[in-house]
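Notes for the one structure printed next.
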Amino acid sequence: MKKTAMVFLILLLVLILHSASANEKVGKEVIELSGRDKGNIAFPHEKHQKAVKDCMICHSLFPKKMGVISDMITDGKLQDKQVMNQCLACHRDMKNTGEKTGPTSCLQCHKKP
Ligand code: HEC
Ligand code: HEC
Ligand code: HEC
């Protein structure tokens, strides 16, 4: 009896620890992305980590590092608006299928017209 209770407790602990790490956010909640002449874009990263789940949908285009998009554009490793087109493509597709998604109009992301 004592042994079963012990095993149960250990299993419970493993379960709690596992769900805690699964819900753990990685990095900042909102990341300020540079839209150069169009002003900054407030990107809700944590919301996307939860809603999109597969990190590599975005991070196959750029690594998991702060400020990397601007650096890659400067170095010519990413084209102007390449990331933006990825944002827009996903939002438009989901909008078309009636799912809850992000903005598709310029001024909802860009602070400057
Ligand atoms: C919808 C696109 C998208 C998804 C999905 C996504 N990320 Fe990111 N991530 C970004 C962008 C954009 C940046 C900022 C890059 C920059 O600053 O140039 C970023 C930056 C990061 C950073 C560095 C910044 C920080 O706050 O530490 C880490 C770490 C990171 N992502 C981890 C992850 C992990 C882990 C997942 C999956 C659970 C994930 N990301 C899913 C778009 C995404
Ligand atoms: C979902 C958010 C989002 C929407 C909607 C959006 N953009 Fe962007 N835009 C970005 C991000 C993020 C960047 C910076 C990364 C890049 O260049 O790919 C950017 C960059 C740009 C740039 C490059 C700025 C420069 O000076 O080089 C231009 C121009 C631009 N957007 C115009 C537009 C226009 C016009 C629309 C409406 C049709 C639009 N954007 C809609 C997120 C968005
Ligand atoms: C693979 C799909 C996908 C990609 C790529 C993506 N998004 Fe989103 N976006 C979503 C979904 C789903 C939501 C709705 C999340 C929610 O409300 O929980 C969302 C919501 C948003 C919101 C609104 C959040 C709110 O509080 O209402 C903004 C702003 C946004 N996205 C900006 C961006 C920018 C900027 C990029 C590119 C750097 C991007 N998204 C890339 C799927 C995506």
Side-chain angles (χ1 to χ4, degrees):
M1 190 60 205
K2 245 184 165 179
K3 222 172 181 178
T4 343
M6 199 58 181
V7 168
F8 179 76
L9 267 175
I10 290 170
L11 276 176
L12 198 73
L13 203 73
V14 167
L15 211 79
I16 290 168
L17 284 176
H18 183 78
S19 63
S21 69
N23 288 328
E24 199 186 352
K25 66 181 179 99
V26 182
K28 284 173 72 179
E29 192 177 327
V30 177
I31 298 175
E32 203 70 30
L33 297 176
S34 168
R36 280 88 71 203
D37 298 344
K38 300 279 281 178
N40 286 354
I41 300 106
F43 171 62
H45 191 225
E46 194 187 344
K47 264 194 181 169
H48 284 82
Q49 288 179 327
K50 285 181 183 141
V52 179
K53 297 193 174 72
D54 181 3
C55 313
M56 291 319 282
I57 289 180
C58 296
H59 286 294
S60 57
L61 209 56
F62 50 87
K64 297 181 183 115
K65 220 176 106 196
M66 203 69 145
V68 74
I69 297 171
S70 292
D71 290 348
M72 286 173 80
I73 291 175
T74 309
D75 296 345
K77 288 177 188 148
L78 272 178
Q79 282 175 321
D80 215 28
K81 296 198 267 190
Q82 194 175 340
V83 172
M84 174 182 116
N85 288 333
Q86 185 190 46
C87 316
L88 276 175
C90 178
H91 291 172
R92 282 191 184 130
D93 285 350
M94 289 183 81
K95 198 180 171 189
N96 287 340
T97 54
E99 289 165 278
K100 188 187 178 211
T101 190
T104 52
S105 67
C106 318
L107 279 173
Q108 282 176 292
C109 280
H110 292 286
K111 285 165 191 157
K112 289 184 196 163

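Counting starts at 1 for both ligands and their atoms, following the listed order.
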Please list the nearest protein heavy atom to [atom] with its residue and the distance rounded to 0.1 Å.
atom                    : answer
atom 35 (C) of ligand 1 : Cys55 SG, 3.6 Å
atom 40 (N) of ligand 1 : His59 NE2, 2.8 Å
atom 17 (O) of ligand 1 : Gly67 N, 2.7 Å
atom 25 (C) of ligand 1 : Gly27 CA, 3.7 Å
atom 33 (C) of ligand 1 : Gln49 NE2, 3.3 Å
atom 16 (C) of ligand 3 : Lys100 NZ, 3.7 Å
atom 3 (C) of ligand 2  : Cys109 SG, 2.9 Å
atom 2 (C) of ligand 1  : Cys58 SG, 1.9 Å
atom 26 (O) of ligand 1 : Lys28 N, 2.9 Å

Within a strict 4.5 Å, meaning less than it, do heavy atoms of the Met72 and Pro63 side chains meet?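 Sidechains of Pro63 and Met72: in contact.
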Measuring only between side-chain heavy atoms, which start at C-beta, is Ile41 closer than 4.5 Å to Glu32?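 Contact flag for Ile41/Glu32 side chains = no.
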Sub-4.0 Å heavy-atom contact, His110 with ligand 2: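 His110 counts as a contact of ligand 2 under the 4.0 Å cut-off.
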Does ligand 2 have an atom that lies less than 4.0 angstrom from a heavy atom of Ile73?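 Yes; Ile73 lies near enough to ligand 2 that a heavy-atom distance drops under 4.0 Å.
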Which ligand 2 atoms are under 4.0 Å away from a heavy-atom of [X]?
X      : value
Asp80  : 27 (O)
Asp37  : 26 (O)
Val83  : 18 (O)
Cys106 : 34 (C), 35 (C), 36 (C), 37 (C), 38 (C), 39 (C), 41 (C)

Between the candidates [options], which shows the shortest non-hydrogen contact distance to [atom]?
atom                    : options                    : answer
atom 32 (C) of ligand 2 : Lys112, Gln108, Lys38      : Lys38
atom 18 (O) of ligand 2 : Arg36, Gln86, Met84, Gln79 : Met84
atom 31 (N) of ligand 1 : Glu32, Lys65, His45, Lys64 : His45

Salt bridge (Lys or Arg N to Asp or Glu O under 4.0 Å) between Arg36 and Asp80, intermediate numbers included: CA-CA 10 Å; Arg36 280 88 71 203; Asp80 215 28; 2.2 Å; yes
One residue to check: [X]. Relative to ligand 2, which of side chain, backbone, both or neither has a non-hydrogen atom less than 4.0 Å away?
X     : value
Ile41 : side chain
Gln82 : backbone
Leu88 : side chain
Leu78 : neither

Taking salt bridge (charged side-chain N to carboxylate O under 4.0 Å, His left out) as the test, write out the residues that go with Asp54, two or more places apart.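 By the salt bridge (charged side-chain N to carboxylate O under 4.0 Å, His left out) rule, Asp54 matches no residue at all.
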With Lys65, which residues qualify under salt bridge (charged side-chain N to carboxylate O under 4.0 Å, His left out), at least two apart?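 Here no residue qualifies.
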Contact check: Arg92 vs ligand 2, nitrogen or oxygen atoms, below 3.5 angstrom: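 So ligand 2 has no N or O lying under 3.5 Å from an N or O of Arg92.
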Ser34-ligand 2 polar pair, N/O distance under 3.5 Å: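 Ser34 vs ligand 2: no N/O contact under 3.5 Å.
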Just distance, no hydrogens or angles: give the donor-acceptor pairs under 3.5 Å from side chains in residues 83-97, sequence neighbours left out.
| unit_1 | atom_1 | unit_2 | atom_2 | d |
| --- | --- | --- | --- | --- |
| Asn85 | ND2 | Lys81 | O | 3.1 |
| Gln86 | NE2 | Ile57 | O | 2.7 |
| His91 | ND1 | Pro103 | O | 2.7 |
| Lys95 | NZ | Thr104 | OG1 | 3.3 |
| Asn96 | ND2 | Arg92 | O | 3.3 |
| Thr97 | OG1 | Asp93 | O | 3.3 |
| Thr97 | OG1 | Met94 | O | 3.1 |
| Thr97 | OG1 | Glu99 | OE1 | 2.6 |

Near Met66, which atoms of ligand 1 are under 4.0 Å from a heavy atom of that residue?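 Selected atoms, number and element: 17 (O), 23 (C), 24 (C).
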Atoms in ligand 1 with a heavy atom of Phe62 nearer than 4.0 Å: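 Going through ligand 1 atom by atom, the ones under 4.0 Å from Phe62 are 10 (C), 11 (C), 12 (C), 13 (C), 42 (C).
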Contact check, Val68 vs ligand 1, heavy-atom distance below 4.0 Å: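 Yes, that is the case, since the closest heavy atom of the residue is under 4.0 Å from the ligand.
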Enumerate the atoms of ligand 3 whose separation from the nearest heavy atom of Ile57 is less than 4.0 angstrom.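 Contacts of ligand 3 toward Ile57, numbered from 1: 1 (C).
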Give the atoms of ligand 3, by number and element, whose distance to some non-hydrogen atom of Met94 is under 4.0 Å.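 Under 4.0 Å from Met94, ligand 3 has these atoms: 12 (C).
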Ignoring hydrogens, what is the shortest heavy-atom contact between Ile31 and Met66? Give both atom names and the distance.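 Minimum heavy-atom separation between Ile31 and Met66: CG2-SD, 4.1 Å.
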Answer with side chain, backbone, both or neither: which part of Ile31 has a heavy atom less than 4.0 angstrom from an atom of ligand 1?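 Within the 4.0 Å criterion, Ile31 contacts ligand 1 through side-chain atoms alone.
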List nothing but the number: protein N/O/S atoms under 2.8 Å from atom 8 (Fe) of ligand 3.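 Considering protein N, O and S only, atom 8 (Fe) of ligand 3 has 2 within range.
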